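Input: a single structure, listed below in structure tokens.
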2 protein chains.
Amino acid sequence: MNNKQIQEQRMRGYFMQAAKEMLKGEGLRSLNVRSIAQQAGYSFATLYNYFKDVKELVFLCVNDFQEECETEIMLKAKDTPAGTERIKAITKAYIGYFVQYPSIFNLFFIERLGDIGQKQPTAALIYTFLDRLCLHDWDYCLQNTEKEEKEIAIIKQELNYVSCGMLLFYMNRIQPSDYTEFTETVNIQVDAIVARVLQPNS
Amino acid sequence: MNNKQIQEQRMRGYFMQAAKEMLKGEGLRSLNVRSIAQQAGYSFATLYNYFKDVKELVFLCVNDFQEECETEIMLKAKDTPAGTERIKAITKAYIGYFVQYPSIFNLFFIERLGDIGQKQPTAALIYTFLDRLCLHDWDYCLQNTEKEEKEIAIIKQELNYVSCGMLLFYMNRIQPSDYTEFTETVNIQVDAIVARVLQPNS
DNA sequence: CCAATATACTGAACATTGTTAATTATATTT
DNA sequence: AAATATAATTAACAATGTTCAGTATATTGG
């Protein structure tokens, strides 16, 4: 990487850090080109020398957030025994992360990063995020339970859909209306779904 | 209702019909005050004589759509035998309606109708929509299976969350990538969840 | 039926946003 | 140090939601 590339990367970094701070705080609503640039210490027009448009900037923030999210979750779940217990821990930490940063939830699941060319890969990345986090543990379950791959796949999907469904209702509609009740619901649902891995086949 | 109220209601109707047509067609993205008013045959400023702001107009459209949705679903499911079979039919019709009108899905589940005062009631209305559609059939299950109310409640919730999770991924991320695969996933998930009502308790 | 008043409608204008293009400032090279 | 290339900024445009003062229309009292 030559000097020019290093400097460019640095400049992108300034804008991205500004955007990321604002996203974590105020969220996407209050994010605009002028405020990002001001926070970064440049004119709004300068931003366009380093990003195609504001969507590209936001898209790059999503990637950073996903890494951060993964790190945080794995740290939280690392002492949990492999298998169903860790799947539950990871899933709850996953949900917890998005509750902590609602604007990142929006970015990941709600906002259509629309007309960006890289849309499709990003979509897949998000869609399979929880599955990737639990990959080892699902493998462990496959090895150590009587459930077959097909059944595991359905349960895995279900966990994914329920997690994001609960988040959607809680974040967007504030339903359940308080956090205590929400975590209760999360516990009940996640436990119920994962428990099915250990239930005897009927 | 006096003459003035009748006329006001009629005017609101013109704008709402215009907005509803555009919402069903192009969706929320292309909806703007000027185009709604043009479609309705008035100036954009006239709109503000009948609605506080464009959010109020859209909010009223949501209500109309919900009624329409309910009618369509109940018509589709009316010949299905009560209980689990009808729950499945209703849920699939419910999902189908939103696939047919993605912008209504957005309106219902994604868009925060935000700063509107009537937010809370609307949220509850949406949150409990599927449950209300299936109300009689869940009661039927409670009467005719060995499952208790508590267990039924969990399954009901799960169905709600999974439905909206699947929709979210399919609508917003186009995942699964084609409609055939999507309906397959819907069938598998819905059938699996509802089937649990009939499974013997372990 | 006409004038006075109330009501309804409209265009002009403003604020906020993303974006582009031309101009100015800065750095690099010869 | 001058010429050139690069970077950053200001000015401006377009789309959108919203407000307000003016104009057209309807209603009412004589």
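Order of the sequence lines fixes the chain letters, A, B, ..., with proteins taken first and strands second; residue numbering starts at 1 for each chain. Bear in mind that the values here come from a model prediction, so they are computed numbers and not experimental data.
- Residue pairs meeting the salt bridge (Lys or Arg N to Asp or Glu O under 4.0 Å) criterion with at least one partner in residues 155-170 of chain B, sequence neighbours excluded, are A/Arg196-B/Glu158, B/Glu158-B/Arg196.
- Applying the salt bridge (Lys or Arg N to Asp or Glu O under 4.0 Å) rule to pairs touching residues 96-109 of chain B yields nothing, sequence neighbours excluded.
- Atom-to-atom, CG of B/Asp53 to P of D/dC20 comes out at 14 Å; the value is rounded to the nearest Å.
- Applying the side chain to side chain donor-acceptor pair (under 3.5 Å) test to A/Glu85 and every residue at least two apart in sequence or in another chain returns A/Lys88.
- For residues 32-45 of chain A, proximity to DNA chain C is found at A/Asn32, A/Val33, A/Arg34, A/Phe44, A/Ala45, defined as any non-hydrogen atom under 4.0 angstrom from a strand atom.
- Here the closest heavy-atom approach between residue B/Phe65 and residue B/Ile104 is recorded as CD2-CD1, 3.4 Å.
- Atoms CZ (B/Arg12) and P (C/dA8) sit 12 Å apart, rounded to a whole Å.
- Rounded to an integer number of Å, the gap from B/Gln7 CD to D/dA26 C1' is 10 Å.
- In this structure B/Tyr14 satisfies the side chain to side chain donor-acceptor pair (under 3.5 Å) test with no other residue, sequence neighbours excluded.
- For B/Tyr48 and D/dA21, the OH to P distance is 17 Å, given to the nearest whole Å.
- At the phosphate of C/dC9, OP1 or OP2 sits under 4.0 Å from a side-chain N or O atom of B/Tyr50.
- In this structure, A/Glu8 atom CD and D/dA5 atom P are separated by 18 Å, rounded to whole Å.
- Atom-to-atom, CG of B/Leu31 to C1' of D/dA15 comes out at 14 Å; the value is rounded to the nearest Å.
- Per the geometry, CG belonging to A/Asn49 stands 17 Å off P belonging to C/dA25, to the nearest Å.
- Both A/Val54 and B/Thr46 sit near DNA chain C, but only B/Thr46 has its closest nucleotide nearer the 5' end.
- For residues 127-149 of chain B, every residue pair satisfying the salt bridge (Lys or Arg N to Asp or Glu O under 4.0 Å) rule, not counting sequence neighbours, is listed here: B/Arg86-B/Asp137.
- As rounded to whole Å, 16 Å separates atom C1' of D/dC20 from atom CG of B/Leu47.
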